Amino acid sequence: MRSALVTAVMAFILYLILTVGTGDILFWSSAEIVAGILLSIVAGIFGRKLLFKNEDYRMLNPKRWIYFIAYLCPFLVAMARANIDVAYRVITGRINPGIVKISPGLKTDLGITMLANSITLTPGTLSVEINEKTNDLYIHWINVKHKEPNIEEVCNGFPKWIRRIAE
Amino acid sequence: MMIDTIIYIFLGIGVFFNGLGSFGLIRFPDVYTRLHAATKCTTFGSIFTSLGVIVYGFYHWHVDSASYGVLAIHAFIALLALVITNPTGAHAIARAAHRSGVYPKRAVVDKLREGDLSD
Amino acid sequence: MMETFFIVAVFLLIFMIFGVIRIILGPTTPDRVVGLDTINTLVIAAMIILGAAYNEVIYIDVAIVYALLSFVGTLYIAKYLEGGL
């Protein structure tokens, strides 16, 4: 019940953002608000098992959202470095690829997803496969320095941040 | 004009990185390195071209009419959808490539192939 | 300002041709999927740019839907290549 309610409220907020500027009750017309309420109730009923699996409400804690916004700063810096790195490799063609394995030690699905996406967008690494029992990630590394890397080399301190956000 | 210069810089950076990603798609030798170029560079380039549009929209919202503000907000939502879906799609393609038997060329190490994943 | 947006859109169109070349050449099927994925990203970027150039919000709404649907398409092709479909 609670998961359906939270999903409906989030869907309604997204609907309001997408229909801003249609009328004069604040920013919305009355027809849009009624349609939004009905549609978000339907979305909440059908989507209640997708957003909050196993009745798990840790992500509603605002502290985690503040950590997430703070995490964007080192992430964007790493992303800019990644692009300059790829630019260098596109122009010179100097690559030394390989697939390595790391054990980040994260437990939740959300944490692993965030880490895999962050790894894909940051310097020289691309997540390929995951072992779902032990949560080990297999990573394609464009410039292999060691065959058994430690975590810091591959994902520059992201697991610490993600443990604070999602665990 | 200050704002115009900022928009030109954003659009320039975006076009440069989008071009780099597409060029890397031609130049690199195998599917994984091509994914590196295609995913990172086109995501970064699209972030910057969309940032140009968002700055343009918010500036003209202030000056001209409210429809430009709607433009900026929708561009932000589209950007968000792009940034969330793009690395996930790259991950799916990489996994499918490895499972369908395309292995990295010139690889110095391939832990996944010699590893213990049976499925 | 409008001319600048059109020039950027033409550049993105030229980059899409690189993706088409990769789809034609690409020795394996995953290579072709990478080309298609790149073209999808560039189409979304070009739609946002054109929406600003013509000052039409509907272009950007189409870009949002296109982003989500092309993502689902990529996932299905990947699933098919793995042999799970």
Side-chain angles (χ1 to χ4, degrees), chain A residues 14 16-22 27 72 75-76 79-93 95-102 113-114 116-134 136-149, chain B residues 13 16-17 20-21 23-33 35-41 43-45 47 61 65-67 69-71 73-74 76-77 83-91 93-99 103-117 119:
Chain A
L14 184 64
L16 286 186
I17 291 172
L18 279 174
T19 56
V20 73
T22 46
F27 293 106
L72 288 181
F75 176 70
L76 287 177
M79 199 168 161
R81 264 183 40 227
N83 281 277
I84 293 163
D85 181 67
V86 171
Y88 167 75
R89 287 183 204 290
V90 167
I91 293 165
T92 60
I95 55 171
N96 186 24
I99 293 179
V100 297
K101 178 176 141 180
I102 61 164
T113 311
M114 275 180 72
N117 280 2
S118 303
I119 281 173
T120 299
L121 288 175
T122 52
T125 48
L126 177 79
S127 48
V128 175
E129 177 71 280
I130 178 175
N131 185 339
E132 285 180 16
K133 293 195 193 82
T134 58
D136 292 343
L137 285 168
Y138 292 85
I139 290 173
H140 184 268
W141 199 4
I142 204 167
N143 184 22
V144 176
K145 296 185 191 119
H146 316 289
K147 294 191 178 178
E148 306 278 344
Chain B
I13 294 174
F16 175 71
F17 279 107
L20 208 65
F23 188 60
L25 196 66
I26 298 293
R27 187 172 155 84
F28 277 143
D30 72 332
V31 61
Y32 301 97
T33 43
L35 266 176
H36 274 283
T39 311
K40 287 192 189 79
C41 288
T43 308
F44 197 66
I47 286 175
W61 186 11
S65 72
S67 71
V70 177
L71 193 88
I73 290 170
H74 284 222
F76 184 72
I77 302 263
V83 171
I84 292 172
T85 58
N86 224 343
T88 317
H91 168 68
I93 296 171
R95 194 171 96 148
H98 205 282
R99 285 195 181 176
Y103 299 117
K105 278 179 194 156
R106 292 201 258 148
V108 290
V109 56
D110 192 344
K111 286 277 182 204
L112 184 52
R113 205 170 167 186
E114 64 203 43
D116 45 4
L117 270 184
D119 54 346

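Numbered from 1 within each chain, the chains take letters A, B, ... in sequence-line order. Being a predicted model, the structure only gives us computed values, none of them experimental.
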Residue A/Ala87 versus chain B: region with a heavy atom under 4.5 Å: both
In terms of heavy-atom proximity below 4.5 Å to chain B, should A/Thr125 be classed as side chain, backbone, both, or neither? backbone
Which answer fits B/Ile84, side chain, backbone, both or neither, if we ask what part of it has an atom under 4.5 Å from a heavy atom of chain A? backbone
Side-chain heavy atoms of B/Leu20 within contact of A/Val86, under 4.5 Å: no
Contact summary for B/Ala94 and A/Leu126, nearest pair of heavy atoms: CB-CD2, 4.3 Å
Flag, side chain of B/Arg27 to backbone of A/Ile91, donor-acceptor distance under 3.5 Å: yes
Just how far is it from atom CG of A/Leu121 to atom OG1 of B/Thr43, taken to the nearest 0.5 Å? 5.5 Å
Segment of B/His91 engaging chain A (4.5 angstrom heavy-atom cut-off): both
Looking at residues at least two apart in the chain, or sitting in another chain, which of them share a side-chain contact (heavy atoms from CB on, under 4.5 Å) with A/Asp136? A/Lys101, A/Ser103, A/Asn131, A/Thr134
Taking side chain as everything from C-beta outward and backbone as N, CA, C, O, which of these in A/Leu14 sits under 4.5 Å from a heavy atom of chain B? Side chain, backbone, both or neither. side chain
Of the non-hydrogen atoms in A/Met79 and B/Phe44, which two are nearest, and what is the gap between them? CE-CD1, 3.8 Å
So CG of A/Asn117 and OG1 of B/Thr39: to nearest 0.5 Å the spacing works out to 10.5 Å
Value rounded to 0.5 Å, distance of CD1 in B/Ile13 from CG in A/Asn83: 10.5 Å
Does B/His36 have any ring-ring contact (aromatic ring centres under 6.0 Å, His included) partners at least two apart in sequence or in another chain, and if so, which? A/His140
Closest non-hydrogen contact found for A/Thr120 with B/Ala90 is CG2-CB, 4.4 Å
Are any of the side-chain heavy atoms of B/His98 and A/Ile99 separated by less than 4.5 Å? yes
Best-contacting candidate, A/Thr113, A/Val20, A/Leu76, against chain B by heavy atom pairs under 4.5 angstrom: A/Val20
Options B/Phe16, B/Phe17, B/Phe23, ranked by heavy-atom pairs under 4.5 Å with chain A, top entry: B/Phe17
